[in-house]
*Asks:* 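Sharing a structure with you now.
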Amino acid sequence: MQQTYEQFRSDLADSIRSIPGEKKNVSVRRVPKLNGVSYYGLTILGEGESVSPAIYLEPYYEMYRAGMSLDTVAGLVMKERESHRVLPVPVETLTAFSEVRDRIRYRVINYEMNKEFLQDIPFRRVLDLAVVLYYTVDLRLSETATIFVRCDTVRRWGVSEEDLFSLAESATPVADPPCVCPLTKLLVELGLEEEIWDEPGDVPLWIITNDRRTFGSACMFYPKVLAETAAFIGADLFILPSSIHEVLAMPNNGTLSREELELMVRQINVTQVKRTEVLSDHVYSYRRGERALTLL
């Protein structure tokens with residue numbers, strides 16, 4: 001009889017501890033993610049190591065349920081661990097304010113879906129969203145990790161939330177410049193879609209993100225981005241939250257109702273977007289004359 005997921009986690013940790021070689025500190029914990037999602041992550045610290053990325057166990061449990069032996073799963077986990085080993089730097093060095101102050105950025109997440117998560121996170125409420133802070137650390141020569149700024153982190157750093165948000169507001173648009181282009185152009189460049197907006201009845205969509213295509217929905221709060229996009233398109237805008245990584249802009253020409261637009265967003269969120277990357281089910285309105293972004 002196969003083990004339950006709880007027993008699998010425990011036995012897998014024991015199996016990894018018993019693998020010959022270096023002494024290993026193996027632990028399993030529940031890792032909360034955005035939008036109410038959580039995963040179980042296993043960490044393996046070797047001698048002298050203070051930082052190790054979590055290896056999420058859900059895919060490995062599926063392998064086990066499909067018939068793979070526990071020892072084989074343990075070997076695969078160890079291989080993943082080796083491919084993700086971090087630089088041998090003390091955690092205090094990685095997270096000291098003097099080391100990360102120039103890497104503090106902001107991003108946006110959904111407020112209602114993350115109320116519990118936000119209890120220990122400094123944030124600013126905007127519309128139905130929360131603006132939160134994060135910073136990056138170098139874990140490997142070519143890879144970085146992003147870490148949320150938490151309330152206890154702010155206290156440890158001895159700085160004010162206002163100063164941190166001010167740093168992020170200045171640094172984020174410079175570190176992650178905005179990228180605004182027709183959605184079709186981006187899809188064609190990525191080889192994902194042919195030109196499709198060529199019929200008279202079609203409404204053009206513009207994607208607003210950053211040049212990394214990561215956490216790019218924050219670009220709608222950059223100075224001038226929406227104003228310049230609306231000026232170029234020549235109309236007030238509807239802003240559709242595609243995901244935490246981008247939003248879509250379309251001219252507000254009166255052809256679609258709020259209900260139709262929100263139905264479109266909800267359908268995309270359910271069918272095309274990972275639960276942890278959903279930004280909102282609501283649509284926003286940008287009015288050029290007032291330079292105001294509001295809920296539709």
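Quick caveat: nothing in here was measured; it's all calculated off a predicted structure.
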*Asks:* Which label fits Phe215 and His245: parallel for a plane angle under 30°, tilted from 30 to 60°, or perpendicular past 60°?
*Replies:* parallel
*Asks:* Step by step, would you call Lys115 with Glu112 a salt bridge (Lys or Arg N to Asp or Glu O under 4.0 Å)?
*Replies:* CA-CA 6 Å; Lys115 277 187 173 181; Glu112 288 293 337; 3.4 Å; yes
*Asks:* Verify whether one side chain among Ser285 and Thr294 offers a donor that lies under 3.5 Å from an acceptor in the other.
*Replies:* no
*Asks:* Is Arg17 salt-bridged to Asp14, cutoff N-O under 4.0 Å?
*Replies:* yes
*Asks:* Keeping the roles fixed (side chain from Thr255, backbone from Asn253), state whether a donor-acceptor pair exists under 3.5 Å.
*Replies:* no
*Asks:* Measure up the Phe8 and Tyr61 rings against each other and bin them: parallel (under 30°), tilted (30 to 60°), perpendicular (over 60°).
*Replies:* tilted
*Asks:* May I ask you to decide if Ser257's main-chain N or O and Glu260's side chain share a donor-acceptor pair within less than 3.5 Å?
*Replies:* yes
*Asks:* State plainly whether one hydrophobic cluster holds both Leu263 and Ile268, where clusters connect Ile, Leu, Val, Met, Phe, Trp and Tyr through side-chain heavy atoms under 4.5 angstrom apart.
*Replies:* no
*Asks:* Has the side chain of Ser83 got a donor or acceptor atom that lies under 3.5 Å from a matching backbone atom of Glu80?
*Replies:* yes
*Asks:* Can you name the side-chain hydrogen bond (donor to acceptor under 3.5 Å, both in side chains) partners of Ser217, sequence neighbours left out?
*Replies:* none
*Asks:* Is there a side-chain contact between Ile208 and Leu248 in this structure, where contact means two heavy atoms from C-beta onward sitting under 4.5 Å apart?
*Replies:* no
*Asks:* To the nearest 0.5 Å, how far apart are CG in Leu256 and CG in Leu261?
*Replies:* 5.0 Å
*Asks:* With sequence neighbours left out, write down each residue that passes side-chain hydrogen bond (donor to acceptor under 3.5 Å, both in side chains) with Thr146, or none if nothing qualifies.
*Replies:* none
*Asks:* Show which side-chain atoms of residues 219-228 pair as donor or acceptor with protein atoms under 3.5 Å away, not counting sequence neighbours.
*Replies:*
residue	atom	partner	partner atom	Å
Tyr222	OH	Thr172	O	3.4
Tyr222	OH	Asp176	O	2.9

*Asks:* How far does CD of Glu277 sit from CG of Leu279, to the nearest 0.5 angstrom?
*Replies:* 11.0 Å
*Asks:* Looking at Tyr40, is Arg30 sitting on its ring face, NZ or CZ under 6.0 Å from the six-membered ring centre and within 45 degrees of the normal?
*Replies:* no
*Asks:* Let me confirm one number: the CG-OG1 distance from Asn35 to Thr276, rounded to the nearest 0.5 Å.
*Replies:* 7.0 Å
*Asks:* Begin with the C-alpha distance, continue with both residues' side-chain angles, and end with the deciding distance and a verdict on side-chain contact (heavy atoms from CB on, under 4.5 Å) for Val131 and Phe123.
*Replies:* CA-CA 5 Å; Val131 179; Phe123 70 93; over 6 Å; no
*Asks:* A cation-pi test, strictly: NZ or CZ of Arg9 under 6.0 Å from the centre of the six-membered ring of Tyr5 and no more than 45 degrees from its axis. Yes or no?
*Replies:* yes
*Asks:* Counting only N and O atoms by type, is there a donor-acceptor contact under 3.5 Å from the side chain of Ser170 to the main-chain atoms of Ser166?
*Replies:* yes
*Asks:* Which pairs pass salt bridge (Lys or Arg N to Asp or Glu O under 4.0 Å) with one or both residues in residues 279-289, sequence neighbours excluded?
*Replies:* Asp236-Arg288, Arg287-Glu290
*Asks:* Are there over 12 heavy-atom neighbours, none belonging to Arg101, within less than 6.0 Å of that residue's CZ?
*Replies:* no
*Asks:* Would you confirm whether Lys24, through its side chain, and Glu22, through its main-chain N or O, come within 3.5 Å as a donor-acceptor pair?
*Replies:* yes
*Asks:* To the nearest 0.5 Å, what is the distance between CG on Asn114 and CD1 on Ile109?
*Replies:* 4.0 Å
*Asks:* Running the 4.5 Å side-chain criterion over Ile, Leu, Val, Met, Phe, Trp and Tyr, what cluster does Tyr56 land in, apart from itself?
*Replies:* Val31, Val37, Tyr39
*Asks:* Checking side-chain polar atoms at under 3.5 Å, does Ser242 have a donor or acceptor matched by the opposite partner on Glu246?
*Replies:* yes
*Asks:* Give, for atom CD of Glu169 and atom CZ of Arg105, the distance between the pair rounded to the nearest 0.5 Å.
*Replies:* 13.5 Å
*Asks:* Rest of the hydrophobic cluster containing Leu45 (Ile/Leu/Val/Met/Phe/Trp/Tyr, side-chain heavy atoms under 4.5 Å)?
*Replies:* none
*Asks:* Any donor-acceptor pair under 3.5 Å linking the side-chain atoms of Ser69 with those of Thr72?
*Replies:* yes
*Asks:* Could you state the interatomic distance from CG (Leu57) to CD (Glu62), rounded to the nearest 0.5 Å?
*Replies:* 12.0 Å
*Asks:* Do Ser160 and Asp163 have side-chain N/O donor and acceptor atoms under 3.5 Å apart?
*Replies:* yes
